Amino acid sequence: MSPRITVVCGSGGVGKTTTSAAIGLAAARAGERVLVVTVDPARRLAQALGAGEIGHEPVSIECDGPGTLQVSMLDTKAGWDSLIRRHARDAATAERILRNPLYDNITSRFVDSHDYIAMEQVNELSGRGDLDLVVIDTPPSRNALDLLDAPRRMREFFGGRLLQWLTLPYRSRVLSLASRPFLQIADRLLGAKFLGDIVEFFTLLQSMEAGFVRRARDVEALLTSERVQFTVVTTAEPAASTEALHLVSELRARRYDVERIVVNRVEPTPGSPAESLPGAPEVASRAQMTHEAPALSALADIRHAHGRRTATAARHAARVSALAAAGARVTVVNESRADVGAGALEEIATVVSRG
Amino acid sequence: MACALALRAAREGRRTLLVEMDAKGSAAASLGIPPAGYEPVVAAENLWVMSMDTENSLREYLRIHLRIPFVTRLGPLASTFDFVADAAPGVREVLAVGKVCWEVREGNYDLVVVDAEASGHIVAQISSPRTIKSLVPRGPLRDQTTWMLDILDDPARTGVVVVTTAEELPVTETGALVVRLRAETRTDVACIVVNGLEPGVGADAAALAADPWFSGLCPEHARSATAAAARAATQEACVPELVTAAPGVPLVRVPVHDATGRGLAELVGGDLP
């Protein structure tokens with residue numbers, strides 16, 4: 001049996017990592033064998049889960065339940081290294097790529113490269129027979145969609161004319177570098193040595209084209225299969241929830257299964273908003289104040305605090321209904337005092353397991 | 001926050017350019033104008049808004065620096081651009097940063113405010129001239145990085161304003177960002193803005209909310225006051241972590257608000273660079 005996969009996505013700072021851990025925790029408590037792959041080395045999350053430190057190797061977490069919970073961290077560099085080793089024609093080619101000065105830069109600096117490795121992990125873990133559920137926490141992309149397009153872009157990159165042109169001088173000695181106008185401009189911009197490094201690097205990469213393209217296609221196919229579900233995490237704040245709505249519709253347009261939307265840090269609507277506050281003289285006499293001024297200012301403080309809470313709750317309620325109208329199951333997690341930590345984690349785990 | 005800074009500077013009479021890096025048009029929306037393109041548009045007196053677009057930046061760069069005439073056929077240019085941007089690390093970033101530095105160098109504006117992308121990307125952008133310098137042994141692009149670095153490394157000309165909220169994760173990320181900026185760039189961190197601070201309630205109000213007589217009379221108000229006080233305390237507890245993570249960087253506190261752009265400009269205190 002292959003595991004089900006839940007991909008957790010959303011914009012940065014909405015509690016994605018905590019939510020991923022909470023989904024894993026809830027499933028483990030229900031008796032499943034779960035692996036959570038996080039991208040965020042947040043120490044507090046490790047603490048909240050009761051683990052010392054989370055590294056690239058999976059760590060087992062106590063979950064007071066019949067299932068098991070393991071957590072590991074995504075390792076972009078190691079992911080690339082193993083991809084290169086797998087697809088390279090031979091060990092010598094792999095070594096040449098790994099030693100190219102551009103390699104580290106490309107694997108560590110490109111935002112896209114994290115995205116691609118995260119998606120590659122989905123593929124890698126989908127074959128694990130010893131797991132029931134894999135929860136993938138996704139990197140904070142500038143645009144969460146970059147993540148999903150990463151395999152396609154990787155495929156297009158290899159299949160594209162760009163790489164053909166780029167490696168042309170190496171494949172056909174008849175054409176010199178300078179004979180192509182586009183390379184001429186690039187040459188003037190970057191200098192011949194740098195250009196040479198680039199051409200060598202991509203020529204080596206191109207030798208792995210077939211492997212990469214096949215792999216990227218596998219990942220794309222897997223993402224649309226029924227084994228993979230997406231959870232979109234957001235808060236009820238305007239920027240995050242607008243982004244979440246956009247993300248849901250784009251996911252659907254790609255025929256991915258959006259299983260649920262988790263809305264974190266929602267301020268619940270106050271129970272009885274129509275309360276009448278006591279007057280200042282009453283408060284002053286009760287608190288044995290000699291003047292009414294402190295009573296007045298205390299009442300004003302309270303009125304303002306209540307006004308802020310009511311306004312926030314109303315704003316959040318409107319956002320939650322807008323998200324609910326998107327059609328996916330909406331799970332609302334009320335504002336908790338802890339942001340990341342045992343409190344928030346428990347709260348989300350409980351709410352998520354309720355359905 | 002970037003809008004607020006830009007607006008404030010503009011109101012003080014400085015010619016200000018606001019550059020939106022992520023091309024989502026949110027800065028323009030916040031100022032109540034339609035999304036801006038690569039060509040700056042006027043948003044208010046002394047305030048121009050533009051949206052970064054690396055392809056246009058490359059086009060302009062080629063025209064100005066290499067005297068390559070305006071390329072009318074988009075095809076070859078687009079391919080060249082794709083080539084440059086996809087293949088060469090740091091090039092896409094340096095085109096964006098380069099355009100910003102160019103506007104500074106030319107003195108077209110008194111202040112250029114950049115609404116940067118997510119924190120993970122900003123270090124790559126600011127360090128891109130140095131990346132290029134270390135990878136490209138010679139050539140015009142390398143030469144260009146020298147004056148860019150002069151501007152970026154000068155605390156009198158360039159400063160990073162890091163905006164955060166007083167919550168656990170953002171505070172941790174802010175600390176990590178400042179550490180990375182200091183390790184990987186020589187650009188000055190001008191200040192950290194702590195946004196959305198809950199003002200809380202005074203001691204008298206907290207005592208009143210805790211009084212069973214009062215909370216019996218109006219429980220929701222009491223709850224609101226208690227929650228506000230608790231949140232203010234939680235937020236306040238995060239602040240020392242910011243000070244530890246970024247020693248010597250001034251903190252600017254901005255209370256919670258519903259304001260965007262124009263309204264926020266009024267709220268931002270006087271001690272921003």
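Keep in mind that what you see is a predicted model, and the values were worked out from it rather than measured.
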* All side-chain contact (heavy atoms from CB on, under 4.5 Å) counterparts of A:A313, not counting sequence neighbours -> A:E267, A:T269, A:P270
* Below 4.0 angstrom, N of the basic side chain to O of the carboxylate: do B:R223 and A:E275 qualify? -> no
* Structure fact -> In short, A:A305 meets B:A228 closest at the heavy-atom pair CB-CB, 3.9 Å
Which pairs of donor and acceptor atoms, one on a side chain in residues 198-219 of chain B, lie under 3.5 Å apart (sequence neighbours left out)?
unit_1: B:E198; atom_1: OE2; unit_2: A:R308; atom_2: NE; d: 3.3
unit_1: B:E198; atom_1: OE2; unit_2: A:R308; atom_2: NH2; d: 2.5
unit_1: B:E198; atom_1: OE2; unit_2: B:G200; atom_2: N; d: 3.1
unit_1: B:D211; atom_1: OD1; unit_2: A:R286; atom_2: NH2; d: 3.2
unit_1: B:D211; atom_1: OD1; unit_2: B:W213; atom_2: N; d: 2.9
unit_1: B:D211; atom_1: OD2; unit_2: A:R286; atom_2: NE; d: 3.1
unit_1: B:S215; atom_1: OG; unit_2: B:D211; atom_2: O; d: 3.3
unit_1: B:S215; atom_1: OG; unit_2: B:P212; atom_2: O; d: 3.4

* Sidechain-backbone polar pair: A:R309 side chain, B:A227 backbone, donor-acceptor under 3.5 Å -> no
* Rounded to the nearest 0.5 Å, what separation is found between the CD atom of B:E220 and the CD1 atom of A:I302? -> 13.0 Å
* **Region of A:T312 in contact with chain B, defined by heavy-atom distances below 4.5 Å** => neither
* Residue B:A225 versus chain A: region with a heavy atom under 4.5 Å -> both
